[in-house]
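Below is one structure; the comments refer to it alone.
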Amino acid sequence: MSKPRPLILDCDPGIDDFVAILMILAAPEKFDLLGITVTGGNVPLKYTTQNALKACELAGRTDVKVYAGCPAAMMRSHTYESDVHGETGLKGPELPLPTMKAQSQHAVDFLIDTLMTSKEKVILATTGPLTNIAVAIIREPRILDHIDEIVTMGGSMELGNITPAAEFNFYADPEAVHILLTSGKLPTLVGLDVTHHVLTTHDWFEELDALDNPVAYALVAMLRAFYDYDVQTYGLTGGALHDPAVIAYLLKPDLFKGQNVHVEMDLSFNITRGRSTVDWYDKRRLEKNAHVLNKIDVKGFFILLTDLLSRYGTSSLSQQKTGLS
Ligand code: RIB
Ligand code: CA
């Protein structure tokens with residue numbers, strides 16, 4: 001069996017980021033989580049940081065190191081999604097305030113120090129605005145040579161969700177996205193074209209309840225609260241699990257389809273700001289700078305997610321020897 005791959009998650013919890021953290025921590029045989037870096041996004045940094053700590057405590061992993069990063073985007077303050085995730089970013093259950101504390105080191109310094117000293121190339125998974133990542137790249141471009149792959153929740157080939165044109169993570173800091181897209185890496189972009197098909201259902205909530213473990217109970221309460229916004233706003237048939245799709249891709253890439261394309265970020269201050277223009281048919285013959293996903297095996301995704309969450313009802317996860325079923 002291959003050994004766990006080193007991974008850093010950059011996020012803005014938010015309910016779906018919270019689920020993504022619990023997926024990572026449920027698969028210690030797959031991921032060696034070097035740390036979680038946090039940015040403002042769904043809600044202000046003080047809450048996104050607190051929520052990342054809450055997720056680690058709920059998973060019984062007070063050893064995980066959480067680093068607070070940039071509270072705002074490069075060009076202007078972040079846009080908040082409190083109507084989606086609640087004032088503190090975790091509507092639904094009242095989880096206890098975390099006892100574990102965030103590290104004193106800034107997230108950007110952690111990213112640079114860890115990547116520059118890692119003996120192995122590191123996976124970078126991102127599920128929020130890309131401000132921390134972009135600032136780290138600007139400060140120390142050599143970190144790019146120490147990154148194995150970047151998988152980012154963001155963008156849309158079709159409609160946006162925060163504006164008619166743009167997806168939230170990309171809209172929150174378009175300049176940061178531009179820095180990633182011009183970095184020479186080929187990030188895998190998990191956009192709304194995929195995540196608006198990864199929708200919770202009440203039947204699946206019943207399945208989660210039947211797992212009968214504290215993590216599943218907490219997630220069902222959050223995801224039930226998260227459900228209505230997407231149904232009422234976008235006419236979806238459930239709540240979209242955007243960020244979990246990033247972790248699912250890292251665990252089972254065969255659940256997805258996509259292709260290498262050129263993506264351009266709209267940096268204007270017009271209504272299209274933050275839009276990711278995806279040249280899917282290669283009309284411009286420009287260098288491919290992203291791997292954009294456009295299909296997901298939804299059934300396979302939920303089998304994977306349920307399997308991961310079922311592990312919180314068994315003995316200590318660190319003794320898990322089996323791979324994913
Ligand atoms: O557009 C969806 C993305 O924005 C998700 O990452 C969600 O958590 C919010 O950050
Ligand atoms: Ca997020």
Side-chain angles (χ1 to χ4, degrees), residues 8-24 36-45 47-52 54-55 66 69-73 77-86 88-92 107 124-133 150-174 176-177 180 187-200 219 222-223 225-227 229-230 233-234 236 238-249 265 273-276 292-293 296:
I8 295 173
L9 173 71
D10 188 73
C11 57
D12 68 330
I15 291 171
D16 54 333
D17 307 72
F18 193 96
V19 178
I21 293 171
L22 289 165
M23 291 170 76
I24 293 168
I36 296 175
T37 53
V38 188
T39 180
N42 282 312
V43 289
L45 181 64
Y47 290 129
T48 52
T49 305
Q50 186 178 89
N51 295 338
K54 284 184 177 181
V66 174
C70 300
S77 64
H78 279 144
T79 312
Y80 298 131
E81 285 268 56
S82 49
D83 47 348
V84 182
H85 299 269
T88 64
L90 287 185
K91 62 185 176 187
L124 186 54
T126 79
T127 62
L130 286 163
T131 315
N132 288 337
I133 307 306
I150 301 174
V151 185
T152 288
M153 193 281 139
S156 171
M157 288 192 264
E158 306 291 339
L159 296 171
N161 59 356
I162 186 72
T163 72
E167 178 278 325
F168 176 79
N169 288 337
F170 281 15
Y171 177 75
D173 196 339
V177 182
L180 177 63
T188 295
L189 303 184
V190 188
L192 301 182
D193 316 283
V194 161
T195 66
H196 269 188
H197 297 282
V198 189
L199 305 175
T200 57
L219 292 192
M222 280 178 210
L223 292 171
F226 183 69
Y227 182 98
Y229 183 88
D230 283 356
T233 310
Y234 307 114
L236 299 178
L241 292 181
H242 307 285
D243 300 334
V246 167
I247 312 309
Y249 176 80
M265 182 50 39
R273 179 169 171 79
R275 178 160 187 78
S276 48
V292 170
L293 303 182
I296 182 171

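Along the sequence shown, residues are numbered consecutively beginning with 1. Counting starts at 1 for both ligands and their atoms, in listed order.
Across Leu192, Asp16, Thr126, Asn161, heavy-atom proximity to atom 8 (O) of ligand 1 is greatest for Asp16. When the options His242, Met153, Glu167, His196 are ranked by their closest heavy atom to atom 1 (O) of ligand 1, first place goes to Glu167.
Under a 3.5 Å cut-off, the side chain of Arg275 and the backbone N or O of Met157 do form a donor-acceptor pair. Checked by atom type and distance alone, the side chain of Ser156 never pairs as donor or acceptor with a backbone atom of Gly191 at under 3.5 Å. In terms of modelled atom types and a separation under 3.5 Å, the side chain of Asn42 and the main chain of Thr48 share no donor-acceptor contact.
One distance of note links CG of Leu159 with NE2 of His196; it measures 9.0 Å at 0.5 Å rounding. Here the CG atom belonging to Asn169 is positioned 11.0 Å from the CG atom belonging to Leu189, to the nearest 0.5 angstrom.
Here is the list of ligand 1 atoms found below 4.0 Å of a heavy atom in Phe168: 1 (O), 4 (O), 9 (C), 10 (O). Close approach of ligand 1 to Thr127 is summarised as follows: ligand atoms under 4.0 Å from at least one heavy atom of the residue are 6 (O), 10 (O). In the vicinity of Asn169, heavy-atom distances shorter than 4.0 Å reach the ligand 1 atoms 3 (C), 4 (O), 5 (C), 6 (O), 9 (C), 10 (O). Annotation for ligand 1: atoms under 4.0 Å from non-hydrogen atoms of Asn42 are 7 (C), 8 (O), 9 (C), 10 (O).
Screening Asp10, Val177, Asp12, Asp173 for a side chain to side chain contact (heavy atoms under 4.5 Å, CB included) involving Thr131 leaves a single residue, Asp173. Among the candidates Thr152, Asp243, Thr37, the single residue satisfying the side-chain hydrogen bond (donor to acceptor under 3.5 Å, both in side chains) test with Thr126 is Thr152.
Contacts between Asp17 and ligand 1, counted as non-hydrogen atom pairs separated by less than 4.0 Å, involve the side chain only.
The nearest pair of heavy atoms linking Pro129 to Ala172 is CG-CB, 3.5 Å. Closest heavy-atom contact between Tyr227 and Thr200: CD1-OG1, 3.4 Å.
Summary: OD2 is the N/O/S atom of Asp243 found nearest to the Ca ion (ligand 2). Restricting Asp12 to its N, O or S atoms, the one at the least distance from the Ca ion (ligand 2) is OD1.
For the Ca ion (ligand 2), the N/O/S atoms of Asp16 include none lying under 3.0 Å. Among the atoms of Met153, none of the N, O or S atoms falls under 3.0 Å from the Ca ion (ligand 2).
Residue Asp12 has at least one nitrogen or oxygen atom sitting less than 3.5 Å from a nitrogen or oxygen atom of ligand 1, judged on distance alone.
Vertex the Ca ion (ligand 2), arms ending at O of Thr127 and OD2 of Asp17: the angle is 80° after rounding to 10 degrees.
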